[in-house]
Amino acid sequence: MGDPKAFMTIPRHEAGLRPVYERICDFSEVEQTLSESERRKQASRCMDCGVPFCHWACPLGNKQPEWQDALYRGDWKFAWQLLSATNDFPEFTGRICPALCEKSCTLNHCIDAPVTIRENECSIVEKAFSEGYAVPRTWPRNGKKVAVIGGGPSGLSTAMRLNVLGYEVTVYDKMAKAGGLVRYGIPNFKLDKFIIDRRIQFMEDEGIHFVTDCFVDCAKALPEGYDAYVIATGTPVARDLKIPGRELDGIYFALQMLTQQNEILEGQKFADKDRVSAKGRKVLVIGGGDTGSDCIGTCHRQEAVSVTQIEILPKPPEGYNPATPWPAWPVILKTTTSHEEGCERRWCLTSNYFIGDENGRVKGVEVERVEWEPDPNGGRPQMKLTGEKEIIECDMVLLAMGFLRPEHPAYAENVFLAGDAKNGASLVVRAIASGRETARQVDEYLKGK
Ligand SMILES: Cc1cc2nc3c(=O)[nH]c(=O)nc-3n(C[C@H](O)[C@H](O)[C@H](O)COP(=O)(O)OP(=O)(O)OC[C@H]3O[C@@H](n4cnc5c(N)ncnc54)[C@H](O)[C@@H]3O)c2cc1C
Ligand code: SF4
């Protein structure tokens, strides 16, 4: 432990965000960085608790107190060695993880000001790349081959781990580049795609092969010539809203817009008729989660006239929720950087039908207020319609209501699942953790053979 009293004298200091007026004019990352000395001061706030709840809360089991101490002492290289031992892609989680660890930090419990764990993580990995000690390595081959289907964070972490263990790994992906939802879903203002390109190059330099633009119909035929297979194909099917008027123009799944915007920023061209653009539109986002929030930020940057977000569930409590006490993840109102950029947010609304104009384009949605009543049998709360209806005017609708949990056939014993394909839609940190665990299972299986 570095400075045993720092948590009493040094306040939490976040790097902060670029001002709204500036950041909504481009797609660059909104989060800023601290100087090295400020970053080390922030690391010194870690109290090295006897029971580090941050470590318990992180699905990767990151050793936060140990790398905070190394960071405080200025030993960035050792901090990197500790961090990279448990996390294959801290440059992803350092930017977009909701930081489960920080909610469990003892300083969050005591003074509502946890250690800036996520930002510190990001600084460590960026320093490792800029100083040149995050360097690709190669390992002796063991003569066995593994195919990973799906190049999102879970497939990539499986590939990283298996490669270290000596397997020859090939990652197949249906898209033009690997990265999964981190590349094609999450907007650049949260994570610049250069970060993914750098990691893929690193993996190629370590000897991992990539076959892109290649759809694998896993249920029918897996590529031949491998000792084992990992299916890490994510959750490709978005939840639809099958109400009257769904066929109208101007209603899209969130990923239709987010993916296209990310592809445009990569230089891809689209004909005007194929563009999913919010420019000049009154946009309604249906769904109150992360995906909906990313739609809001993208709409601002595409120059929407207005953005409204509706959610069927009740508004979560603000600040503190007695139902989810520390060190558990707090179910409270989340206000993202995109919300801060401007948006009307409403809760307890269900959508009855879409209304179209004379050209067949959506011009509004009838919504109805709902109430949630506790289930007398102790189950999930029951939704009740109230009959209070209204029309929300809009000429573009984005459906951001989550993804269906994939179903898989009974595969042969040398086929393994990883990430969202296995567990349903989740978080990048959980996808990485799942990928690492799957690599362990594959290794155990192939060694047993
Ligand atoms: C808009 C949005 C924002 C999000 N924001 C965050 C966030 O801020 N923080 C966070 O932690 N999580 C966030 N998530 C969740 C996170 O992105 C996912 O949990 C994570 O990417 C899952 O990783 P995965 O590897 O399991 O699947 P995916 O990332 O979905 O990757 C699956 C890969 O498989 C490929 N594939 C699919 N089928 C085939 C096939 N048949 N053949 C070949 N390739 C195939 C796909 O092209 C893709 O590359 C967000 C998700 C979305 C949609
Ligand atoms: S991966 Fe997420 S939960 Fe784990 S230490 Fe990093 S920010 Fe915290």
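Numbering of ligands and ligand atoms starts at 1, following listing order.
- C218 does not count as a contact of ligand 1, since none of its heavy atoms falls under 4.0 Å from the ligand.
- Looking only at heavy atoms of the protein, atom 4 (C) of ligand 1 is closest to I186 CG1, 3.5 Å.
- Contact annotation for S426 and ligand 1: only backbone heavy atoms (N, CA, C, O) come within less than 4.0 Å of the ligand.
- Distance from atom 5 (N) of ligand 1 to its nearest protein heavy atom, with residue and atom name: K190 NZ, 3.3 Å.
- For the pair F354/I243, a side-chain contact is recorded, criterion being any heavy-atom separation below 4.5 Å from C-beta on.
- The side-chain tip of R198 points at the ring of F129 from less than 6.0 angstrom away and within 45° of straight on.
- The shortest contact between atom 39 (C) of ligand 1 and any protein heavy atom is with T233 CG2, 3.5 Å.
- Contacts between L427 and ligand 1 below 4.0 angstrom, taking non-hydrogen atoms only, involve backbone and side chain alike.
- Counting backbone and side-chain atoms alike, C101 contributes an N/O/S atom closer than 2.8 Å to atom 8 (Fe) of ligand 2.
- Looking at H339 and Q309, their side chains do bring a donor and an acceptor atom within 3.5 Å of each other.
- Counting heavy atoms closer than 4.0 Å to ligand 1, residue F403 contributes side-chain atoms (C-beta onward) but none from N, CA, C or O.
- Checked by distance only, ligand 1 and L181 come closer than 3.5 Å through their nitrogen or oxygen atoms.
- A cation-pi contact, defined as under 6.0 Å to the ring centre and within 45° of the axis, is absent between R239 and F403.
- Ligand 1 lies less than 4.0 angstrom from a heavy atom belonging to C214.
- Contact annotation for L258 and ligand 1: only side-chain heavy atoms (C-beta onward) come within less than 4.0 Å of the ligand.
- Classification of E36 and R39 as a salt-bridged pair fails, no side-chain N sitting under 4.0 Å from a carboxylate O.
- For F416 and Y445, the gap between ring centers is short of 6.0 Å.
- Close to ligand 1: P153, with a non-hydrogen atom less than 4.0 angstrom away.
- Atom-to-atom distance recorded for H209:NE2 and N163:CG is 8.5 Å, nearest 0.5 angstrom.
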